[in-house]
K.L.:
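Provided herewith is a single structure, encoded as structure tokens, for subsequent inquiry.
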Amino acid sequence: MAEAVKTIKAADAALKVIEDWGVDHIFGYPGGSFDDVMNALYDRKDTMKFVQVRHEEAGALAAAAESKLTGKLAVTMGSAGPGAVHLLNGLYDAKHDHTPVLALVAQVPQARMNIDFFQAIDEGPIFDDVAVFNRTATTAEGLPRLIDTAIRQAYKYNGVSVVIIPKNLGWTEIKDNFISTAKNHLAPLYPQPDPVAIDKAVELIKAAKKPIVYFGVGAKKAGAELKAVSEKFKLPLVSTVIAKGIVEDTYPAYMGSTGRPAGKSGTELGFNTDLILWVGNDSPFSIFLFNPRAKVIQIDTDNEKLGKRHNIDLPILADAKTALAALVAKGDELEPTPFYRASLANHKDERAWQASFENDKSEPLRPEPVFAAINKYADDDAVFGIDVGNVNINVMRLLDLKTTQKWTTSGQYATMGYGLPAAVGAKVAFPDRQVFSLSGDGGFAMMSQELLTAAKYNLKTINIVFSNETLGFIEAEQRDDTHQPLSGVDLPDNDWAKVAEGMNVKGYTIRTFDDIDKVFKAAVAADGPVLIDVKLTHEMPMTTQHMFIDPAWQDADKIKEFVTKYQAEDLKPFSAYLKDAEAGKL
């Protein structure tokens with residue numbers, strides 16, 4: 001007689017599949033419609049951890065952040081109706097930053113669907129736009145295979161897969177004989193670069209007078225090759241915002257990013273270049289940030305992205321690491337051009353100008369002294385969850401990332417409230433690494449309840465809130481872009497340290513320069529989560545989008561106003577550096 005096949009509840013079988021794919025935790029919040037999955041989580045508590053966040057949006061953001069930091073699938077869940085809707089914001093972040101996330105979404109029992117039942121909504125359509133794969137389970141027997149398919153799709157398309165599970169299905173006993181396809185999952189193989197295209201690229205670089213590299217997260221495994229190309233062909237490096245950290249910030253030829261969050265030197269290069277080696281990036285703002293007449297060599301693994309953001313002269317369909325290595329292997333080393341020497345001098349002086357404020361004792365505080373402390377106290381493998389707003393500007397300019405550190409922000413979607421859930425996701429993924437969240441008071445207020453999550457699981461995170469009582473990024477747009485009266489950007493003063501203490505998190509407040517070092521010493525020594533409320537200046541970071549600094553073509557009165565406002569007396573325009581370099585002075 002054949003041996004009887006063991007049975008298993010369908011919800012347990014679904015979790016077994018997720019475990020097979022290397023996932024050992026799920027972010028979520030329980031609900032009556034998800035009792036079947038919560039029961040399965042209890043059954044499998046030795047192999048699958050449930051991380052109870054305080055809001056489903058935070059769970060989805062934590063999963064998105066974890067996936068971006070690890071490159072692996074992360075999982076979140078929400079109950080029927082409101083829980084499902086709450087997931088959307090975090091899932092859209094995952095969609096826009098192209099990272100694999102699986103969302104398990106509860107639904108009322110099948111017999112109660114489509115009849116105006118309690119918390120019953122037509123969930124499928126609300127996930128159609130956000131998901132690369134969006135299906136509702138229809139049989140208990142098919143649930144584990146559906147989960148397996150959803151995970152494969154999330155990996156294939158680097159996006160969100162949604163599986164909606166009617167409550168009755170998870171309780172149903174099914175045969176425990178499904179074998180997942182996880183063992184068959186292999187890293188993709190990319191095409192080798194066309195040798196003829198590589199030769200053409202080298203010739204274009206040699207013929208250019210002002211060439212640069214503009215790289216994105218598609219070059220995340222090619223930091224060494226980016227530096228090798230820079231050194232051989234004397235190319236300044238400029239990155240997208242979210243590609244910060246691929247090359248260490250202290251590397252002399254790395255100019256940072258370009259645009260509003262960026263510094264002066266990277267922004268100036270974009271408008272002065274005559275050739276761009278465009279590597280693994282899909283920045284939607286790039287059409288505004290570069291000389292439209294510049295020639296472009298674009299390297300990408302995705303045919304759809306070639307020419308998507310800028311007219312290109314030479315497409316190269318290949319992995320960034322392989323294509324850059326092929327370029328380095330070709331041609332002779334070039335001599336530094338005046339453009340290259342001017343770029344390095346400009347950036348060196350900009351960094352020195354920023355550093356000149358590190359001992360500034362103004363109150364409320366400037367950001368430079370605080371970021372100097374973060375750079376000092378952050379471990380070499382620290383992980384940072386960065387919120388959205390002026391904090392992005394200060395991070396891009398003042399946080400000196402090492403290639404051994406990690407960071408994440410809400411990139412193309414740019415949702416406020418990202419920082420604290422990202423730190424939760426980071427600490428769960430990297431329990432032995434130091435984790436920071438950095439937020440403005442506007443963004444932090446949106447998800448501040450997740451301090452309770454950090455306290456519940458004693459997640460040792462250092463959460464920094466920069467309180468300046470305004471939505472600073474929006475204020476700057478209203479002042480500088482639309483020149484309108486300030487509207488709706490003011491925020492009330494708040495004692496975030498006291499709020500933290502009420503959530504069982506140790507709270508500190510930094511008001512003066514002398515507070516900084518002693519507070520950071522205490523924070524890094526703490527044995528649980530801490531919050532640091534930094535009372536920050538209301539003055540806006542220097543704008544690079546509306547920068548008046550060059551007397552050769554800009555109005556003298558506007559230059560004087562700009563220089564006075566931003567204490568920029570020590571900054572010179574890029575044209576001055578280029579003139580000195582051409583005269584042999586650099």
Side-chain angles (χ1 to χ4, degrees), residues 1-53 56 59 63 66 72-80 83-84 87 100-113 119-120 123-124 127 131 133-156 160-185 428:
M1 182 180 293
E3 184 177 347
V5 177
K6 293 181 180 178
T7 63
I8 188 174
K9 292 183 178 65
D12 292 73
L15 293 191
K16 277 186 66 176
V17 172
I18 294 170
E19 290 169 11
D20 279 351
W21 282 89
V23 177
D24 64 2
H25 58 272
I26 296 176
F27 301 98
Y29 198 80
S33 54
F34 241 157
D35 285 343
D36 52 341
V37 174
M38 296 309 301
N39 186 73
L41 285 164
Y42 180 83
D43 289 343
R44 306 190 67 79
K45 58 183 179 295
D46 292 336
T47 52
M48 180 67 72
K49 179 181 178 181
F50 177 62
V51 182
Q52 184 204 69
V53 293
E56 291 90 349
E66 179 191 351
K72 298 178 181 179
L73 180 96
V75 183
T76 187
M77 55 179 274
S79 57
L87 289 173
V101 168
L102 171 66
L104 305 178
V105 180
Q107 180 56 285
V108 300
Q110 287 171 309
R112 299 287 182 253
M113 291 172 62
Q119 289 191 326
E123 292 174 344
F127 294 105
F133 183 84
N134 176 27
R135 299 290 187 274
T136 299
T138 55
T139 67
E141 293 78 7
L143 182 58
R145 187 176 299 278
L146 181 59
I147 296 289
D148 193 56
T149 302
I151 294 172
R152 292 201 313 272
Q153 293 288 310
Y155 271 122
K156 178 179 180 178
V160 175
S161 280
V162 174
V163 176
I164 300 168
I165 307 173
K167 180 179 178 179
N168 59 296
L169 296 184
W171 291 108
T172 304
E173 292 282 340
I174 63 174
K175 292 179 180 179
D176 186 13
N177 59 1
F178 179 75
I179 300 174
S180 80
T181 60
K183 65 180 184 298
N184 303 321
H185 182 64
V428 172

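All values reported here derive from a predicted model rather than from experimental measurement.
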K.L.:
Are any of the side-chain heavy atoms of Asp176 and Lys16 separated by less than 4.5 Å?
P.N.:
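Answer yes - side chains close enough.
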
K.L.:
Atom CG in Asn134, atom CD1 in Ile164: separation rounded to 0.5 Å?
P.N.:
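If we round to the nearest 0.5 Å, Asn134:CG and Ile164:CD1 are 5.0 Å apart.
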
K.L.:
Backbone N or O of Thr138 within a donor-acceptor pair of the Gln110 side chain at under 3.5 Å?
P.N.:
yes

K.L.:
Mind checking the CZ-CG spacing from Phe27 to Leu104? Nearest 0.5 Å is all I need.
P.N.:
13.0 Å

K.L.:
Test Val163 against Leu143 for side-chain contact (heavy atoms from CB on, under 4.5 Å), laying out the working first.
P.N.:
CA-CA 9 Å; Val163 176; Leu143 182 58; 4.3 Å; yes

K.L.:
Tell me if the CZ atom of Arg145 is crowded by more than 12 foreign heavy atoms within 6.0 Å.
P.N.:
no

K.L.:
For the pair Tyr155 (side chain) and Pro100 (backbone), establish whether a donor and an acceptor sit closer than 3.5 Å, ignoring hydrogens and angles.
P.N.:
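Judged by distance alone, no pair lies under 3.5 Å.
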
K.L.:
Do Phe127 and Val160 have side chains that approach each other closer than 4.5 Å (heavy atoms only, starting at C-beta)?
P.N.:
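Contact flag for Phe127/Val160 side chains = no.
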
K.L.:
Please round to the nearest 0.5 Å and tell me the distance separating atom CH2 of Trp171 and atom CG of Asp35.
P.N.:
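Answer for the CH2-CG pair, Trp171 versus Asp35, is 6.0 Å.
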
K.L.:
What are the two closest heavy atoms between Gly31 and Ser79, and how far apart are they?
P.N.:
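Answer, listing the atom of Gly31 first, then Ser79: CA-CB, 3.9 Å.
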
K.L.:
Side-chain contact, heavy-atom cut-off 4.5 Å: Leu15 with Thr47?
P.N.:
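The answer is no; the side chains never approach within 4.5 Å.
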
K.L.:
Determine whether Leu169 and Asp36 satisfy the following criterion, side-chain contact (heavy atoms from CB on, under 4.5 Å), listing intermediate values before the conclusion.
P.N.:
CA-CA 8 Å; Leu169 296 184; Asp36 52 341; 5.7 Å; no

K.L.:
Looking at side-chain heavy atoms only, is the closest gap between Arg112 and Lys167 below 4.5 Å?
P.N.:
no

K.L.:
If you take all heavy atoms of Phe34 and Gly78, which pair is closest and at what distance?
P.N.:
CE1-O, 3.2 Å

K.L.:
Evaluate the side-chain proximity of Lys9 to Glu173: yes if any heavy-atom separation is below 4.5 Å, no if none is.
P.N.:
yes

K.L.:
Side chains of Met77 and Met38: closer than 4.5 Å at any heavy-atom pair?
P.N.:
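A side-chain contact exists here, since the closest heavy-atom pair is under 4.5 Å.
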
K.L.:
Side chains of Pro144 and Ile8: closer than 4.5 Å at any heavy-atom pair?
P.N.:
no

K.L.:
Could you tell me which non-hydrogen atom of Pro166 sits nearest to which non-hydrogen atom of Ala137, and how far apart they are?
P.N.:
CD-O, 3.5 Å

K.L.:
Salt bridge or not between Asp148 and Arg152? Use side-chain N to carboxylate O under 4.0 Å.
P.N.:
yes

K.L.:
Can you name the nearest heavy-atom pair linking Pro30 to Phe50, along with the distance?
P.N.:
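Residues Pro30 and Phe50, closest heavy atoms: CD-CZ, 3.9 Å.
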
K.L.:
Ile147 and Ala14: which non-hydrogen atoms are nearest, and at how many Å?
P.N.:
CG1-CB, 3.9 Å

K.L.:
Quick one: do Arg44 and Asp12 make a salt bridge, cutoff under 4.0 Å?
P.N.:
no

K.L.:
Work out which heavy atom in Ala80 is nearest to a heavy atom in Gln107; give both atom names and the distance.
P.N.:
CB-CA, 3.9 Å

K.L.:
To the nearest 0.5 Å, what is the distance between CD (Glu56) and OG1 (Thr76)?
P.N.:
8.0 Å

K.L.:
Nearest 0.5 Å please: distance from the CD1 atom of Ile165 over to the CG atom of Leu146.
P.N.:
8.0 Å

K.L.:
Mind checking whether Leu102 and Val23 have side chains closer than 4.5 Å, heavy atoms only?
P.N.:
no

